[in-house]
Structure formats: structure tokens, C-alpha cells
Amino acid sequence: MNTAALPNLAFPGRDKLIAAVDAALAGSDEHAVTAALRNSMCALIRDRDVQLPDCVFDPIDDHYARRELYRSAEHGYSVVAMTWAPGQGTPIHDHCGLWCVEGVWDGELEITQYELLERDGERFRFRAAGGMHAGPGSAGSLIPPHEYHTIANASGDTTAISLHIYKAPMENCSKFQPQSDEWFLRIDSTLKTDNAPA
Ligand SMILES: [Fe+2]
């Protein structure tokens, strides 16, 4: 593999962040790994040595920004920073079967989990199964098959920043378009990353 081509931005505390993530991956299974990553994430958000690159603090007008900061050649995981302008959010989506740990770096986010009640081909029936209002320093994890959720910045005036560690780069996922009542239509979606100048 040509590791020089992998995303790898320079920023203060980058090595500390990567070392913490690498250490958490020593867990015996995905539950242990994501639990360790949640703890590491909470500590990293509060660690003044770690300062995400400036680009992460720039929202993009017409969509929430996804900037890949790092991809591990050794372990395969991907670190993505997301920038949520006031009112920006996602539809219900899955994570393509990948576990993920997500932390709120700055601002506040509403995260709503959905329970899959039934499926008829490409039509899925969901019900909101709980939500949380997450502030800076909090972290949660998703382990498939419990992966259906939305994220939104409900603030009217403050940008939010979140940091996501995926088991592997997530380049596709399913998004779910509301139909009627609790039914949604599954749409295959390609996820783009926004430019993150090195
Ligand atoms: Fe997600």
C-alpha cells in the first residue's frame, strides 16, 4: 500500500491522538475496542494538547462538512472531523456495518437512535428509540446492527464539531427517505469528504 497517499493532516497533538486510538484497538472485540475508544475520546476532547486543524472550524454552507484527518495504514481505521453549521444534520442512515465512535468536540449535537421494526424489500419501518443531547466532551458508539440514527445541530447560532473514528473508511452508506407513517425508503449513498488542506 502506498501509505504516503493516505490522509494524514498535521495538527497539534496529532501523535497523541493517534497513539490513544492505536492503544484502544488492542481490545479483544468490538465492544471492548469501542468502550476504550469512548474513554480515549472523552479524554482527548478535554486535552489541551490536542487542537484540531483550523479547517475543521469552517462550516460549509450547503452541507455538513466531513474532513478525513487520518487513516491508519496499520489498523485501517479512519478519523473524520465533521462540522455542523446551525441547523445542519443527517437523514436516518446506517454505517455500512462498521463500528464507529463519535465524540462532540465543540458545540452541541442531537443524536437520535432508531429501532428497525420491520423491512419490506427496500422499505424500512423505523421508530425513534431514544435520543441524546450531547455536549463537548461526550462520546458514544455505534455497533451494527444497532446503527440507525440521525445527528443534527439543533442550535440556531453555534457551529458544532464532532470527531468520528470508523473501523474503516466509510465511503458508502444507506440513507432513508421518509415515506409515510414510520416507513422509509432506503437509498444507496456515496459519502464524500471535503477538502482538508494539509
Ligand atoms: Fe452516523
Side-chain angles (χ1 to χ4, degrees), residues 3-4 6-60 64-86 88-90 95 98-111 113 131-143 147 149 151-155 157-170 191 193-198:
T3 57
L6 298 181
N8 188 1
L9 263 67
F11 56 90
R14 171 204 163 279
D15 292 353
K16 196 171 187 178
L17 187 148
I18 299 308
V21 176
D22 284 354
L25 290 173
S28 55
D29 61 24
E30 60 193 4
H31 292 276
V33 167
T34 54
L37 278 175
R38 280 198 307 275
N39 287 335
S40 298
M41 179 79 87
C42 291
L44 288 163
I45 295 169
R46 292 182 166 88
D47 188 334
R48 290 169 188 270
D49 290 347
V50 183
Q51 295 172 34
L52 298 184
D54 288 348
C55 64
V56 164
F57 295 87
D58 288 336
I60 294 177
Y64 70 90
R66 301 177 80 250
R67 296 180 174 102
E68 189 172 17
L69 305 185
Y70 179 78
R71 197 182 292 187
S72 170
E74 184 183 357
H75 301 288
Y77 65 82
S78 168
V79 180
V80 177
M82 297 189 196
T83 312
W84 312 82
Q88 289 182 337
T90 72
H95 273 192
L98 301 172
W99 58 251
C100 176
V101 173
E102 315 184 319
V104 180
W105 203 271
D106 211 4
E108 298 183 357
L109 291 170
E110 296 281 348
I111 295 140
Q113 305 279 355
M132 69 184 256
H133 186 92
S138 58
S141 54
L142 286 174
I143 302 176
E147 58 185 314
H149 64 288
I151 302 181
N153 180 1
S155 164
D157 55 16
T158 306
T159 294
I161 312 290
S162 54
L163 195 70
H164 303 243
I165 300 165
Y166 296 99
K167 179 183 182 183
M170 191 169 84
L191 291 168
T193 50
D194 296 292
N195 198 22

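All values derive from a computational prediction rather than experimental measurement.
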* Structure fact -> Contacts of E110 meeting side chain to side chain donor-acceptor pair (under 3.5 Å) (sequence neighbours excluded), chain-then-number -> H133
* Considering all heavy atoms, the nearest S72-L6 contact -> C-CD1, 4.4 Å
* **Counterpart residues, side-chain contact (heavy atoms from CB on, under 4.5 Å), relative to D29 (two or more places apart)** => H31, A32
* Structure fact -> Of all heavy-atom pairs linking H95 and H149, the shortest is NE2-CE1, 3.2 Å
* Where do M41 and V101 come nearest, in terms of heavy atoms and distance? -> CE-O, 3.7 Å
* Nearest non-hydrogen partners of A81 and L69, listed with the distance -> CB-CD1, 4.0 Å
* Quick one: which residue pairs count as a salt bridge (Lys or Arg N to Asp or Glu O under 4.0 Å) with a foot in residues 68-78, not counting sequence neighbours? => E68-R71, R71-E171
* With sequence neighbours excluded, tell me which residues meet ring-ring contact (aromatic ring centres under 6.0 Å, His included) with F11. => none
* With sequence neighbours left out, write down each residue that passes side-chain contact (heavy atoms from CB on, under 4.5 Å) with V104, or none if nothing qualifies. => L109, A134, S138
* Which value, rounded to the nearest 0.5 Å, describes the distance between D106 atom CG and L163 atom CG? -> 12.0 Å
* To do: Evaluate the criterion side chain to side chain contact (heavy atoms under 4.5 Å, CB included) for residue pair V56 and W105; output intermediate values, then yes/no.
  => CA-CA 11 Å; V56 164; W105 203 271; over 6 Å; no
* In chain order, what residues pass the side chain to side chain donor-acceptor pair (under 3.5 Å) check against R38, with sequence neighbours excluded? -> S141
* **L98 side, atom CG; I143 side, atom CD1 - distance, nearest 0.5 Å** => 12.5 Å
* Say you draw a straight line from CE of M170 to OG1 of T193; how long is it, rounded to the nearest 0.5 Å? -> 12.0 Å
* Any sub-3.5 Å donor-acceptor pair from R66's side-chain atoms to V80's backbone N or O? -> no
* Asked: With sequence neighbours excluded, what pairs up with D194 under the side chain to side chain donor-acceptor pair (under 3.5 Å) test?
  -> H63
* Listed partners of E30 passing side chain to side chain donor-acceptor pair (under 3.5 Å), at least two apart -> none
* What pair of heavy atoms forms the shortest contact from R67 to C55, and how long is it? -> NH1-O, 2.9 Å
* To do: State the CD-CG distance between E147 and L142, to the nearest 0.5 angstrom.
  => 7.5 Å
* Side-chain contact, heavy-atom cut-off 4.5 Å: E102 with I151? -> yes
* Name all residues meeting the ring-ring contact (aromatic ring centres under 6.0 Å, His included) criterion together with H164; count only those two or more places apart in sequence or in a different chain, and write none if there are none. => none
* **side-chain contact (heavy atoms from CB on, under 4.5 Å) involving P59 - partner list, sequence neighbours excluded** => T83, A85, T159
Residues 14-28 side chain polar contacts: donor-acceptor under 3.5 Å, at least two apart:
{"residue": "R14", "atom": "NE", "partner": "N8", "partner atom": "OD1", "Å": "2.7"}
{"residue": "R14", "atom": "NH2", "partner": "N8", "partner atom": "OD1", "Å": "2.9"}
{"residue": "K16", "atom": "NZ", "partner": "D47", "partner atom": "OD2", "Å": "2.8"}
{"residue": "K16", "atom": "NZ", "partner": "D49", "partner atom": "OD2", "Å": "2.7"}
{"residue": "D22", "atom": "OD1", "partner": "Y77", "partner atom": "OH", "Å": "2.7"}

* Where is the tightest heavy-atom contact between I45 and P136, given as atom of each residue plus distance? -> CG2-C, 4.5 Å
* Reported CE-to-CD1 distance for the pair M82 and I161, which is rounded to 0.5 angstrom -> 11.5 Å
* Considering residues at least two apart in sequence or located in another chain, which fulfil the side-chain contact (heavy atoms from CB on, under 4.5 Å) criterion with T158? -> S155
